Amino acid sequence: MFDENQAKGKINEKSELIDTIGKLFGPLIHQYTIEEAIADRNVLGFHVDYINTGEFKNYEDLREQLIELLQNQNPDVEVRELERTIQEMTELEVEKAAKKESLLVYHDETHIPRVVEEILTQWEAQSQNREFNVILTVAYIKRVLTYYEELKKQIQEKDIQLNIAMVFSFGSEDETKRIDPLII
């Protein structure tokens, strides 16, 4: 939506006409991540899978660890209120909160091969016998290249015929702290 497109746009909560990308997202569109676009519902609909590659037992266990940690950090907060808040979180929100609190740490050298293996072993079923495509979106060029190399390696080892296309999404966090692959 650029001025020259004369887009009709939409009206925001302040009754302002939003008819350009800049008005919709602000001046820093290059910092808008796929994760934010999904949350804002500004991208076409698709199915997102998050894979636990062994960094935690299960989401309930991660929720319990998060509740315990937050209880210790905030002893004045009502326990039931804290539990309710954590239980209402999506799995992605639980992972983000656990990462923020350093309860969950991913290491590229172990995480990436596990994600790639999961993609390749589940590819036929997930793509409904290759009827649909997959996009793997990760933060940072270095990580995209690592995923690409790992995919090439495992595809060759497993003798699979598969085309690969990858994109990256800039994040606002330090690269060493961030790993958020999205399998779309």
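Values in this document were obtained by computation on a predicted structure and should not be read as measured data. Residue numbers run from 1 in the order of the sequence given.
The line from CD of Glu68 to CG of Leu66 is 10.5 Å long, rounded to the nearest 0.5 Å. With rounding to the nearest 0.5 angstrom, the CD1 atom of Ile160 is 4.5 Å from the CG atom of Leu120. One distance of note links CD1 of Ile119 with CD of Glu150; it measures 10.0 Å at 0.5 Å rounding. Summarising the geometry, atom CZ belonging to Arg143 is positioned 8.5 Å from atom NE2 belonging to His111; distances are rounded to the nearest 0.5 Å. Atom CH2 of Trp123 and atom CD1 of Ile155 lie 10.0 Å apart (nearest 0.5 Å). Atom CD of Gln73 sits about 4.0 Å away from atom CG of Leu69, to the nearest 0.5 Å.
Checking Gln87 against Glu83 by side-chain atom types alone, no donor-acceptor pair falls below 3.5 Å. Judged by distance alone, the side chains of Tyr106 and Glu95 do bring a donor and an acceptor atom under 3.5 Å apart. At a cut-off of 3.5 Å, with distance as the only test, a side-chain donor of Glu55 or Thr53 sits close to an acceptor on the other residue. With no hydrogens or angles considered, no side-chain donor-acceptor pair links Glu101 and Gln65 at under 3.5 Å.
Summarising the geometry of Arg130 relative to Glu124, their closest heavy-atom pair is NE-OE2, 2.9 Å, with the distance given to 0.1 Å. Summarising the geometry of Gln154 relative to Pro113, their closest heavy-atom pair is NE2-O, 3.2 Å, with the distance given to 0.1 Å.
Hydrophobic clustering, with ILVMFWY side chains joined whenever heavy atoms are under 4.5 angstrom apart, groups Ile86 together with Val77. Note on Leu62 and Val79: separate hydrophobic clusters, where clusters join Ile, Leu, Val, Met, Phe, Trp and Tyr whose side-chain heavy atoms are under 4.5 Å apart, directly or indirectly. Follow the hydrophobic side-chain contacts under 4.5 Å out from Val105 and you never reach Val115; the two are in separate clusters.
Side-chain atoms of Glu78 and Leu82, non-hydrogen and from C-beta on, never get closer than 4.5 Å to each other. Within the 4.5 Å cutoff, no side-chain heavy atoms of Ser127 are placed close to those of Gln122.
Enclosure of atom CD in Glu109 by more than 12 non-hydrogen atoms of other residues, nucleotides or ligands within 6.0 angstrom is indicated. No more than 12 heavy atoms of other residues, nucleotides or ligands lie within 6.0 Å of OH in Tyr148, so this atom counts as exposed by the packing criterion.
Side-chain N or O atoms of Thr146 include one that pairs as donor or acceptor with a backbone N or O of Lys142 at under 3.5 Å. Proximity of a side-chain donor or acceptor of Glu93 to a complementary backbone N or O of Thr90 within less than 3.5 Å is detected. The backbone N or O of Asp76 sits nowhere less than 3.5 Å from a side-chain atom of Asn74 that would complete a donor-acceptor pair.
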For Lys158 and Lys153, run side chain to side chain contact (heavy atoms under 4.5 Å, CB included): C-alpha distance rounded to whole Å, both residues' side-chain angles, the deciding distance at 0.1 Å, then the answer.
-> CA-CA 9 Å; Lys158 297 174 189 324; Lys153 176 182 152 211; over 6 Å; no
Intermediate values then yes/no, side chain to side chain contact (heavy atoms under 4.5 Å, CB included), Lys96 and Met89 | CA-CA 10 Å; Lys96 282 183 173 183; Met89 289 176 148; over 6 Å; no
Give the intermediate values and the outcome of side chain to side chain contact (heavy atoms under 4.5 Å, CB included) for residues Glu88 and Arg84.
-> CA-CA 6 Å; Glu88 289 174 355; Arg84 190 176 310 112; 3.5 Å; yes
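Residues satisfying the salt bridge (Lys or Arg N to Asp or Glu O under 4.0 Å) test with Glu149, not counting sequence neighbours, are Lys152.
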